[in-house]
Amino acid sequence: MTKHKILFVCMGNICRSPSAEAIFSQLVKSSGLQHQFEIDSAGTHAYHVGNPPDVRSCEAALKRGIDMRRLRARQVQAVDFQKFDRLIVMDRENLTSLKNQFPNQPHENVSLMMSYAKNYTETEVPDPYYGGGDGFELVLDLLSDAASGLLNDIKASEKQA
């Protein structure tokens with residue numbers, strides 16, 4: 001059985017990417033597929049390494065029954081390009097940062113999170129860090145939709161293999 005290894009990436013790894021990790025992990029678990037996945041998140045920058053997710057992200061997620069308080073921020077490393085099947089980035093700015101930081105790594109397994117969304121036309125997950133509480137709710141809505149699309153994409157690619 002193939003184990004799918006997914007890494008979600010944003011800037012500081014305290015808002016969007018840990019939220020994506022937690023949402024996707026819960027979706028995978030509720031589908032009974034947790035043994036088929038390794039899921040992690042990281043940031044392109046080292047601002048918050050070792051810190052838990054932003055308290056506002058945690059609070060918004062907890063309202064939806066998702067507990068991500070155990071997660072800790074880390075920075076993307078070159079080895080992640082070999083370890084993970086897919087590196088899924090929250091926005092174009094961090095996609096560019098990732099490619100610039102690791103120009104000698106393969107980039108064909110890197111994609112934007114919102115490319116998997118079905119119900120939203122946004123192409124990027126906005127950074128809620130400097131905004132109000134509504135931004136965190138929007139991020140969770142976007143990520144929930146895209147996470148569902150991502151899981152469907154992985155299931156479809158398995159059937160084709």
Side-chain angles (χ1 to χ4, degrees), residues 3-31 33-99 101-102 109-117 120 122-151 153-154:
K3 188 157 197 163
H4 303 284
K5 298 175 182 176
I6 312 296
L7 180 67
F8 296 101
V9 180
C10 70
M11 184 177 289
N13 193 215
I14 60 165
C15 294
R16 296 170 291 172
S17 58
S19 295
E21 176 186 353
I23 287 168
F24 192 70
S25 294
Q26 185 177 51
L27 179 63
V28 163
K29 186 176 181 181
S30 68
S31 300
L33 302 171
Q34 63 272 20
H35 57 282
Q36 295 178 29
F37 284 85
E38 181 177 332
I39 305 163
D40 198 2
S41 62
T44 56
H45 293 70
Y47 304 136
H48 305 287
V49 169
N51 292 339
D54 185 286
V55 67
R56 297 165 296 173
S57 288
C58 290
E59 288 172 356
L62 276 171
K63 287 183 204 169
R64 298 178 188 216
I66 301 167
D67 188 354
M68 59 185 208
R69 294 173 292 186
R70 66 171 173 71
L71 302 178
R72 294 296 176 263
R74 73 174 186 85
Q75 189 173 16
V76 176
Q77 302 170 10
V79 69
D80 290 327
F81 287 84
Q82 282 72 47
K83 181 178 179 182
F84 292 93
D85 306 318
R86 298 178 189 222
L87 281 76
I88 302 175
V89 188
M90 300 299 125
D91 60 35
R92 284 184 187 80
E93 180 181 346
N94 284 292
L95 180 64
T96 300
S97 290
L98 198 62
K99 289 179 177 181
Q101 285 175 282
F102 303 100
N109 62 341
V110 179
S111 60
L112 286 169
M113 182 66 171
M114 290 308 292
S115 68
Y116 301 100
Y120 290 91
E122 284 87 342
T123 57
E124 299 180 310
V125 180
D127 189 347
Y129 189 77
Y130 293 107
D134 291 353
F136 292 89
E137 295 297 332
L138 173 63
V139 164
L140 293 176
D141 291 342
L142 295 172
L143 291 175
S144 294
D145 182 40
S148 179
L150 172 60
L151 185 57
D153 187 71
I154 291 168

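Positions are given from 1 along the sequence. Values below: every heavy atom of this structure, side chains too, minus hydrogens, waters and symmetry copies.
- For Asp145 (side chain) and Leu142 (main-chain N/O), no donor-acceptor pair under 3.5 Å exists by modelled atom type.
- Taking a cutoff of 4.0 Å between a charged side-chain nitrogen and a carboxylate oxygen, Asp40 and Lys83 do not qualify as a salt bridge.
- Closest approach of Ile154 and Phe24 over heavy atoms only: CD1-CZ, 4.0 Å.
- At a threshold of 4.5 Å between non-hydrogen side-chain atoms, the residues His45 and Ser97 count as touching.
- The side-chain heavy atoms of Phe8 and Ile23, taken from C-beta on, include no pair separated by under 4.5 Å.
- Ring-plane geometry between His48 and Tyr129 is classed as tilted, the angle between the planes lying from 30 to 60 degrees on a 0 to 90 degree scale.
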*Are Leu33 and Leu151 close enough, and set up right, to give a side chain to side chain contact (heavy atoms under 4.5 Å, CB included), and what steps lead you there?*
CA-CA 10 Å; Leu33 302 171; Leu151 185 57; 4.2 Å; yes

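- No donor-acceptor pair closer than 3.5 Å links the side chain of Glu122 to the backbone N or O of Met114.
- Here Asp54 does not pair with Arg16 in a salt bridge; the nearest charged N to carboxylate O distance is not below 4.0 Å.
- For Arg72, the CZ atom is densely surrounded, since the number of other residues' heavy atoms within 6.0 Å is greater than 12.
- The CG atom of Asp153 sits 8.5 Å away from the OG atom of Ser111 when rounded to the nearest 0.5 Å.
- Listed here is the closest heavy atom pair of Gln75 and Asp80: O-OD2, 4.4 Å.
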_Please evaluate residues Leu112 and Thr123 with respect to the criterion side chain to side chain contact (heavy atoms under 4.5 Å, CB included), reporting the C-alpha separation (whole Å), side-chain torsions for both, the decisive distance (0.1 Å), and the verdict._
CA-CA 8 Å; Leu112 286 169; Thr123 57; 5.6 Å; no

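- Salt-bridge formation is not detected for the pair Glu38/Lys3: no Lys NZ or Arg NE/NH1/NH2 atom is positioned less than 4.0 Å from an Asp or Glu carboxylate oxygen.
- When side chains are defined from C-beta on, Val139 does not count as touching Met90, because their heavy atoms never get closer than 4.5 Å.
- In this structure, Leu138 and Pro126 approach most closely via the heavy-atom pair CD2-CG, 4.1 Å.
- Residues Phe136 and Glu59 fail the side-chain proximity criterion, which asks for heavy atoms closer than 4.5 Å.
- A heavy-atom distance below 4.5 Å is not found between the side chains of Gln101 and Asn94.
- Residues Val76 and Ala42 approach most closely at CG2-CB, 3.6 Å, considering heavy atoms.
- Atom CD of Glu93 sits about 11.0 Å away from atom SG of Cys10, to the nearest 0.5 Å.
- The distance from the CG atom of Leu140 to the CD atom of Glu137 is 6.0 Å, given to the nearest 0.5 Å.
- If you take CD on Glu21 and CD1 on Ile39, they are separated by 7.5 Å, rounding to the nearest 0.5 Å.
- Separating the CG atom in Leu98 from the CZ atom in Phe81 is a distance of 4.0 Å, to the nearest 0.5 Å.
- Using a 30° and 60° split on the angle between ring planes, Phe37 and His4 fall in the tilted class, from 30° to 60°.
- A donor-acceptor pair is defined here as one N or O able to donate and one able to accept, closer than 3.5 Å; such a pair exists between the side chain of Asn13 and the backbone of Arg74.
- Atom SG of Cys15 sits about 6.0 Å away from atom CZ of Arg56, to the nearest 0.5 Å.
- Across every non-hydrogen atom of Ala73 and Ile14, the tightest pair is CB-CG2, 4.1 Å.
- Between Thr44 and Val9, some side-chain heavy-atom pair lies under the 4.5 Å cut-off.
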*With side chain to side chain contact (heavy atoms under 4.5 Å, CB included) as the test, would you mind laying out the steps for Asp91 and Val125 before giving the verdict?*
CA-CA 6 Å; Asp91 60 35; Val125 180; over 6 Å; no

_side chain to side chain contact (heavy atoms under 4.5 Å, CB included) assessment of Tyr116 paired with Ile88_ = CA-CA 10 Å; Tyr116 301 100; Ile88 302 175; 4.2 Å; yes

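- In this structure, Leu87 and Asn109 have side chains that are in contact, with non-hydrogen atoms separated by less than 4.5 Å.
- Using a 4.5 Å heavy-atom threshold, the side chains of Ser57 and Met68 count as touching.
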